[in-house]
Amino acid sequence: MPDHGPTIGLVLGSGCSDAVDGLPAAKVDTDYGAPSSRLYRRDVNGTSVAILLRHGEDHDIPPHAINYRANIAALHASGASSIIALNTVGVITGIAACGTIALPRQLIDYTWGREHTFATGRAAGVRHLEFTDPFSATLRQALVRAALAAEVDCIDGGVYAVTQGPRLETAAEIDRLERDGADYVGMTAMPEAALAAELDIDYAVLALVVNPAAGRGSGSIHADVAINSAAARAAAMRVVEAYVEVSA
């Protein structure tokens, strides 16, 4: 992708593909294979926003099968020094209401079998990444300010439990996650966050809270997702717009 000045990376999750309608796109490849989608680009007053669809352009890539290394490598090659990731989550505790958004401060990784590092040994070397704070404090606080500017309620904080998927969790598993200290549950923040950190990219999750976690609601999880997704997506995109405008 050609140089268009400072670049912000934006990873869009489930149900957000309409945000790239009409935008120019470039097919890219990386040393780790092809990313989930083409890279779409939007220019705002000299700032380029490089946008990637995490689950593919046809939403046909499940969480455990995403080529996270290719996705992050592609955004890095585009010049992105920061990445805002939109991730849909269920809520475990009373920290947030469904249909709202949140900026988690911590995560717990329960995934397995994913290609989770660029440090594969040999020529790639070994790096013991310091990961005490998995999300960039600078980017998180900038997004908090953007939410205020956009007059969007956004929860600042909480712990994101990253599960393997693609199945949803059992009620007993959610009870365990709460005992572990988790507030939200989703499937895609890892290894995304660690890979970004390995490339020294500021990374933060803007979580779309769309359902009570298993055993915490009174009805179908899928019905809750259908009811709450549109409001959460709209709120998240308003925050992203406000952030880009300030950054441009």
Side-chain angles (χ1 to χ4, degrees), residues 8-23 37 40 42 44 49 51-59 63 83-105 107 135 139-163 165-166 168-169 174 177-178 182-189 192 204-246:
I8 299 167
L10 180 62
V11 179
L12 298 180
S14 301
C16 296
S17 59
D18 57 351
V20 301
D21 288 348
L23 294 179
S37 76
Y40 294 82
R42 187 178 152 212
V44 181
V49 183
I51 307 171
L52 187 142
L53 303 176
R54 184 188 287 116
H55 295 283
E57 296 179 30
D58 296 319
H59 200 270
I83 293 175
I84 302 168
L86 271 59
N87 304 62
T88 56
V89 300
V91 63
I92 298 171
T93 64
I95 193 171
C98 293
T100 61
I101 59 175
L103 284 158
R105 187 168 296 161
L107 65 76
F135 305 122
L139 182 55
R140 285 184 65 262
Q141 289 309 307
L143 289 167
V144 168
R145 293 192 295 272
L148 289 172
E151 299 182 343
V152 171
D153 290 333
C154 181
I155 301 300
D156 178 11
V159 178
Y160 181 147
V162 194
T163 57
L168 299 174
E169 302 73 32
I174 292 300
L177 298 184
E178 184 172 21
D183 297 291
Y184 319 103
V185 59
M187 302 175 187
T188 52
E192 221 171 66
V205 161
L206 194 55
L208 285 62
V209 182
V210 297
N211 63 276
R216 303 302 163 96
S218 58
S220 162
I221 289 176
H222 291 300
D224 286 325
V225 170
I227 290 168
N228 296 305
S229 289
R233 282 197 301 269
M237 293 309 298
R238 284 171 60 194
V239 173
V240 170
E241 291 288 336
Y243 174 80
V244 172
E245 288 292 338
V246 169

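It should be emphasised that the depicted structure is a prediction, and the values quoted were computed from it without experimental measurement.
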Is there side-chain contact between [X] and [Y], with heavy atoms separated by less than 4.5 Å?
{"X": "Y184", "Y": "V205", "result": "no"}
{"X": "L86", "Y": "L10", "result": "yes"}
{"X": "R140", "Y": "P104", "result": "no"}

For [X] and [Y], work out which heavy atoms get closest and say how close.
{"X": "A236", "Y": "L208", "value": "CB-CD1, 3.8 Å"}
{"X": "A142", "Y": "Y243", "value": "CB-CE1, 3.6 Å"}
{"X": "V152", "Y": "A235", "value": "CG1-CB, 3.8 Å"}
{"X": "L53", "Y": "S37", "value": "N-OG, 2.9 Å"}
{"X": "A242", "Y": "A150", "value": "CB-CB, 4.0 Å"}
{"X": "N87", "Y": "A189", "value": "ND2-N, 3.6 Å"}

What salt bridge (Lys or Arg N to Asp or Glu O under 4.0 Å) pairs are there with at least one residue in [range], not counting sequence neighbours?
{"range": "residues 222-241", "result": "R42-E241"}
{"range": "residues 143-154", "result": "none"}
{"range": "residues 208-223", "result": "D175-R216, E178-R216"}

Worksheet item: What distance separates M237 CE from D18 CG, expressed to the nearest 0.5 Å?
Response: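 So the gap between those two atoms works out to 8.0 Å.
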Fill in: Residues which pass salt bridge (Lys or Arg N to Asp or Glu O under 4.0 Å) with E192, listed by chain and number, not counting sequence neighbours
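In terms of salt bridge (Lys or Arg N to Asp or Glu O under 4.0 Å), with neighbours along the sequence ignored, E192 is linked to R54.
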Not counting sequence neighbours, which residues clear side-chain contact (heavy atoms from CB on, under 4.5 Å) with [X]? List them please.
{"X": "I227", "result": "none"}
{"X": "C154", "result": "I101, L103, A147, L206"}
{"X": "V225", "result": "V210, N211, I221, S229"}

Taking side chain to side chain donor-acceptor pair (under 3.5 Å) as the definition, give me every residue that meets it alongside [X], ordered by chain and number, with sequence neighbours left out.
{"X": "T163", "answer": "E169"}
{"X": "T88", "answer": "none"}
{"X": "T93", "answer": "D183"}

Item to complete: Give me the one residue out of I84, V44, L139, I83 that meets side chain to side chain contact (heavy atoms under 4.5 Å, CB included) with I8.
Response: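 Of the listed options, the one satisfying the test is I84.
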Practice prompt. Decide side chain to side chain contact (heavy atoms under 4.5 Å, CB included) for D21 and Y40; before the verdict, give the C-alpha distance in whole Å, the side-chain angles of both, and the deciding distance to 0.1 Å.
Written response: CA-CA 9 Å; D21 288 348; Y40 294 82; over 6 Å; no
